[in-house]
*Asks:* 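Encoded as structure tokens, here's the structure I'll be asking about.
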Amino acid sequence: MYPTHRHIQLDSTNVEAKRLAEEGAVQGTAVLAAHQTAGRGRLRKTWYTVPDKGLYCSIIVRPALVPEDYPKLTLTAGLAVATVLGRVSGKQVQLKWPNDVYFNGRKCAGILAESSSLATDPITRFGIIGIGINVNQALEDFPPELQGIVTTLSLEKGSSVVIEELFEDVRRELLLQIDRMETHGFRVILEDWKKHDYLCGKQMECVDIKGAIIRGLCMGPDEDGVLHVMDKSGKQHEVLSGDVRIADKSDTG
Ligand code: BTN
């Protein structure tokens, strides 16, 4: 049994999980909140929390990974969440690099992976896998600007979902996928991740590692988890992070 800390309300489960990890909490320790007042997404965005209707959790991991491999945790966690959502809904799930989980082009879940300073001793190093899943919300529970772009697990499944059971499934699958990565390498994770790839083969727009806006054909992530985009001249660009979006139909790159 892994320790689980349940809260009625927190600012962000990632913040509380980080505090526990700094005190030495073991791998698999999780923080759950029924409501977050300052839920965080990637790139300083906020995560919209509907009290009691979604899964908002952060799981502490202490993987046997070198610091350079920590960014791969985001894709590994995405695969774990997609696997569980696929199982529960019986539907195809898509992964939008690096951290979004979609049904039919609508966002259902997001991952915010953070870590301790990776320069520290491997013994004290840790990762925090923050996971937000839209579960039992109705679309009207979201602000109007989100209603056209999100979905929820219960809408996809056609019936409501027990959040506590979903959480246990997600934690089990996350730890299993991390164990697989440690044992067999990231290649096996990537192979499965690509089966869900939402962007590969589409025209997209993003910011490359030098900060330049590039448009081109998405080639999918490489063996380090870095996304590749080919512009119209045939040059390949690497995208390490940042916002990626499908280009408008008029943008041919
Ligand atoms: C994203 O889509 O940008 C990532 C969203 C991650 C949201 C979850 S909710 C639980 C955990 N606590 C946070 O503050 N954020 C993550």
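Both counts, for ligands and for their atoms, begin at 1 and track the order of listing. We're numbering straight along the sequence, starting at 1.
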*Asks:* Would you kindly specify which portion of Ala33 sits under 4.0 Å from ligand 1, judged on non-hydrogen atoms: side chain, backbone, both or neither?
*Replies:* neither
*Asks:* Does the side chain of Gln9 pick up a donor-acceptor pair with the side chain of Thr37 at under 3.5 Å?
*Replies:* no
*Asks:* Would you call Glu168 and Arg172 a salt bridge, using N to O less than 4.0 angstrom?
*Replies:* no
*Asks:* List every atom of ligand 1 that sits less than 4.0 Å from any heavy atom of Gly39, numbering the atoms from 1 in the order shown and giving each element.
*Replies:* 14 (O)
*Asks:* Taking atom types as modelled, is there a side-chain donor on Ser233 or Asp231 under 3.5 Å from an acceptor on the other?
*Replies:* yes
*Asks:* Begin with the C-alpha distance, continue with both residues' side-chain angles, and end with the deciding distance and a verdict on salt bridge (Lys or Arg N to Asp or Glu O under 4.0 Å) for Lys53 and Asp141.
*Replies:* CA-CA 9 Å; Lys53 293 194 178 176; Asp141 289 328; 3.1 Å; yes
*Asks:* Could you check whether Lys157 and Ser159, counting side-chain N and O atoms only, form a donor-acceptor pair closer than 3.5 Å?
*Replies:* yes
*Asks:* Tell me the protein heavy atom at minimum distance from atom 3 (O) of ligand 1, and give that distance in Å.
*Replies:* Arg42 N, 2.7 Å
*Asks:* Please say which of Met181, Arg180, Arg187 ends up in a side-chain contact (heavy atoms from CB on, under 4.5 Å) with His184.
*Replies:* Arg180
*Asks:* If only atom types and distance count, is the side chain of Asp224 paired as donor or acceptor with the main-chain N or O of Val226 below 3.5 Å?
*Replies:* no
*Asks:* Would you check the N or O atoms of Arg40, main chain and side chain alike, for any that come under 3.5 Å of an N or O of ligand 1?
*Replies:* yes
*Asks:* Under a 4.0 Å heavy-atom limit, does Gln36 contact ligand 1 with its side chain, its backbone, both, or neither?
*Replies:* side chain
*Asks:* Provide the number and element of each atom of ligand 1 under 4.0 Å from a heavy atom of Asn99.
*Replies:* 1 (C), 2 (O), 3 (O), 4 (C)
*Asks:* For ligand 1, which atoms sit closer than 4.0 Å to a heavy atom of Gly41?
*Replies:* 1 (C), 3 (O), 4 (C), 5 (C)
*Asks:* Number the atoms of ligand 1 from 1 as they appear, then name those within less than 4.0 Å of a heavy atom of Gly132, with their elements.
*Replies:* 7 (C), 8 (C), 9 (S)
*Asks:* Using 4.0 Å as the upper bound for N to carboxylate O, is an ion pair formed by Arg42 and Glu114?
*Replies:* no
*Asks:* Compute both the distance and the angle, then confirm whether Lys72 meets the cation-pi test with Tyr70: under 6.0 Å from the six-membered ring centre, within 45 degrees of the axis.
*Replies:* no
*Asks:* Compare Leu32, Thr13, Val15 and give the one whose heavy atom is closest to atom 11 (C) of ligand 1.
*Replies:* Thr13
*Asks:* Which residue holds the protein heavy atom closest to atom 5 (C) of ligand 1, what is that atom called, and what is the gap in Å?
*Replies:* Trp47 CE3, 3.4 Å
*Asks:* Side chain, backbone, both or neither: which applies to Ile111 and ligand 1 if a contact is any heavy-atom pair less than 4.0 Å apart?
*Replies:* backbone
*Asks:* Among all protein heavy atoms in this structure, tell me which lies nearest to atom 2 (O) of ligand 1, with the distance rounded to 0.1 Å.
*Replies:* Lys107 NZ, 2.5 Å
*Asks:* Under 4.0 Å from a heavy atom of Cys57: which atoms of ligand 1 are those, numbered in the order shown and with their elements?
*Replies:* 10 (C), 11 (C)
